[in-house]
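Just so it is clear: chains get the letters A, B, ... in the order the sequence lines come, proteins before strands, and each one is counted from 1.
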Number of protein chains: 2
Amino acid sequence: MTTKKDLQTLVMMASRENNISSILFRNAVRNKVGLNITDSECLSFLGIKGVLTPKDISHYTGLTTGSTTAMLDRLENAEFIRRKPNPDDRRGALIEIHEKWVETSRPLVAGLQKEQAELIASYSDTELEIIADFLTRFTNNVKKHTQMIEDGLI
Amino acid sequence: MTTKKDLQTLVMMASRENNISSILFRNAVRNKVGLNITDSECLSFLGIKGVLTPKDISHYTGLTTGSTTAMLDRLENAEFIRRKPNPDDRRGALIEIHEKWVETSRPLVAGLQKEQAELIASYSDTELEIIADFLTRFTNNVKKHTQMIEDGLI
DNA sequence: ACTCTAAAATCAAGTTACTTTATTTTCAAG
DNA sequence: CTTGAAAATAAAGTAACTTGATTTTAGAGT
């Protein structure tokens with residue numbers, strides 16, 4: 001009983017440590033490269049979401065549209081992102097990562113990515129299914145509550 | 001074969017999504033409460049690490065010591081943190097979360113925390129051990145590479 | 001005991017980034 | 001084909017960050 005409870009606490013704490021560690025890693029990278037925290041977050045979002053509109057980016061980062069424009073100017077100037085015309089809406093733009101950012105960040109992140117891939121490869125299919133299931137459900141809860149806060153339901 | 005490969009990719013992507021979702025959740029909370037991004041990060045670090053020195057905080061956030069002092073002034077002024085004398089070093093201080101921040105953030109985070117606890121409770125001991133093991137190893141890799149970057153080894 | 005170097009935190013001046021408000025262009029509904 | 005709203009930008013003012021100097025205390029060497 002106490003064992004099971006401890007195990008549950010362990011997973012909860014491991015999950016929080018995991019999130020914090022990813023932030024600390026990003027901070028280490030950005031300090032090395034000389035990026036501020038929002039610019040770095042923006043590149044992270046683009047890295048996982050792919051192409052985004054400035055509107056999306058201002059939503060994700062919590063910046064105003066004015067700040068987002070200024071940030072995209074900085075990142076475009078550094079050749080870390082690229083503005084493309086949005087074929088579906090001529091008012092807007094589409095933002096994508098520039099190859100130069102991939103090249104700049106690669107030496108700092110490639111080693112970790114390789115080790116994480118090896119770690120994952122060391123688990124059986126059954127285990128991976130459990131892990132993927134857990135992460136997905138956990139993330140879905142987070143997304144749901146994020147939406148609730150944004151909608152003013154909390 | 002392709003199945004196993006897909007499963008590995010799925011776990012890698014689920015893990016990244018998990019990290020991003022936690023950032024988006026924090027952004028939603030901080031926008032609701034009116035905190036800027038660094039102040040919010042600082043409170044997150046304090047929440048998981050417990051008591052920290054300003055030196056620790058400037059290291060974790062990547063801020064200079066001057067900015068850290070200003071940030072702690074803001075947070076102390078808002079009664080979200082408390083400065084305590086450091087018994088081991090009279091030059092320094094110890095920073096801890098003020099109860100007011102707990103009260104302020106509780107309504108926004110309590111529901112999610114409850115659901116995550118329920119999610120975790122729905123797994124068997126065997127499954128939880130696999131999940132905890134994975135998260136711990138994954139996090140340790142991240143920590144290791146963070147250290148390597150900070151030490152200039154990358 | 002007594003220097004002396006260095007570390008922790010703070011402060012002040014200058015720089016960078018963010019918000020607010022207004023403007024331009026385009027979309028989409030009537 | 002007008003009209004109200006949305007996407008992005010721009011400019012002015014505010015807030016946050018960096019740099020460099022200062023204060024206080026630790027810890028090492030004499």
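With sequence neighbours left out, the side-chain hydrogen bond (donor to acceptor under 3.5 Å, both in side chains) criterion links A:N31 to no other residue. Residues forming a ring pair (Phe, Tyr, Trp, His ring centres under 6.0 Å) with B:F134 (at least two apart in sequence, or on another chain): A:Y123, B:F138. Taking A:E76 as the reference, A:R83 meet the side-chain hydrogen bond (donor to acceptor under 3.5 Å, both in side chains) condition, with sequence neighbours excluded. Residues forming a side-chain hydrogen bond (donor to acceptor under 3.5 Å, both in side chains) with B:D89 (at least two apart in sequence, or on another chain): B:R91.
Near DNA chain C, meaning a heavy atom under 4.0 Å from it, residues 76-87 of chain B has B:R83 in order of number. Near DNA chain D, meaning a heavy atom under 4.0 Å away, the residues from residues 61-70 of chain A are A:T65, A:G66, A:T69. In the region residues 39-50 of chain B, proximity to DNA chain C at under 4.0 angstrom, judged on heavy atoms, holds for none of the residues.
Side chain of A:T104 to main chain of A:K100: a donor-acceptor pair is present (N/O by atom type, distance under 3.5 Å, no hydrogens or angles). A donor-acceptor pair under 3.5 Å is formed between the side chain of B:N27 and the backbone N or O of A:Y60. Judged by distance alone, with hydrogens and angles left aside, the side-chain atoms of B:S40 form no donor-acceptor pair with the main-chain N or O of B:N36 at under 3.5 Å. Judged by distance alone, with hydrogens and angles left aside, the side-chain atoms of B:D125 form no donor-acceptor pair with the main-chain N or O of A:L7 at under 3.5 Å. The main-chain N or O of A:T126 is never found under 3.5 Å from a side-chain atom of A:E129 such that the two would form a donor-acceptor pair. Formation of a donor-acceptor pair under 3.5 Å by the A:T61 side chain with backbone atoms of A:I57 is found in this model.
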Check nucleotides 14-16 of chain C against the protein and report each pair of N or O atoms closer than 3.5 Å, with its distance, or say if there are none.
none

At a cut-off of 3.5 Å, list every protein nitrogen or oxygen paired with a nitrogen or oxygen from nucleotides 1-6 of chain D, distance to 0.1 Å.
from, atom 1, to, atom 2, distance (Å)
D:dA6, N3, A:R91, NH1, 2.8

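The distance between atom CG of A:D56 and atom P of D:dA7, rounded to the nearest whole Å, is 9 Å. The interatomic distance linking A:I57 (CD1) with C:dA17 (P) rounds to 17 Å, in whole Å. C:dA7 atom C1' lies 16 Å from atom NE2 of B:H59, rounded to whole Å. Rounded to whole Å, the distance from CG on B:L94 to C1' on C:dA9 is 13 Å. What separates CE of A:M71 from C1' of D:dA16 is a distance of 17 Å, to the nearest Å. Separating the CG atom of A:L35 from the P atom of D:dC17 is a distance of 16 Å, rounded to the nearest angstrom. Straight-line distance from the CG atom of B:L75 to the P atom of D:dA16: 10 Å, rounded to whole Å. Atom-to-atom, CG of B:D73 to P of C:dC11 comes out at 7 Å; the value is rounded to the nearest Å.
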Less than 3.5 Å apart, which donor and acceptor atoms pair up between the side chains of residues 13-20 of chain B and the rest of the protein, not counting sequence neighbours?
from, atom 1, to, atom 2, distance (Å)
B:E17, OE1, A:K143, NZ, 3.3
B:N18, OD1, A:T139, OG1, 3.4

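Comparing D:dA26, D:dA8, C:dT26 by their closest approach to the side chain of B:R90 singles out D:dA26. The listed nucleotides are D:dA8, C:dC18, D:dA7; the one nearest the side chain of A:D89 is D:dA7.
If you check the side chains of A:T53 and A:D56, you find a donor sitting under 3.5 Å from an acceptor.
The heavy-atom pair separating B:C42 from B:L72 by the smallest distance is SG-CD2, 4.5 Å. Taking both residues in full, the closest heavy atoms of A:M12 and B:A117 are given as CE-N, 3.7 Å, listed atom of the first, atom of the second, then distance. Taking every heavy atom of both residues into account, A:R26 and A:S44 meet most closely at NH1-OG, 3.0 Å. The two residues A:P54 and A:A93 come nearest to each other via the heavy atoms CD-O, 3.2 Å.
Rounded to 10°, the helix from C:dA1-D:dT30 to C:dG30-D:dC1 has 40° between the axis fitted to its first five pairs and the one fitted to its last five.
For the side chain to side chain donor-acceptor pair (under 3.5 Å) test with B:H145, the passing option among A:Q116, A:Q113, A:E115 is A:E115; the others fail.
In the hydrophobic cluster analysis, where Ile, Leu, Val, Met, Phe, Trp and Tyr join through side-chain heavy atoms closer than 4.5 angstrom, A:I37 is grouped apart from B:V33.
Here B:L94 is tied into one hydrophobic group with B:V51, each link being a pair of ILVMFWY side chains closer than 4.5 Å.
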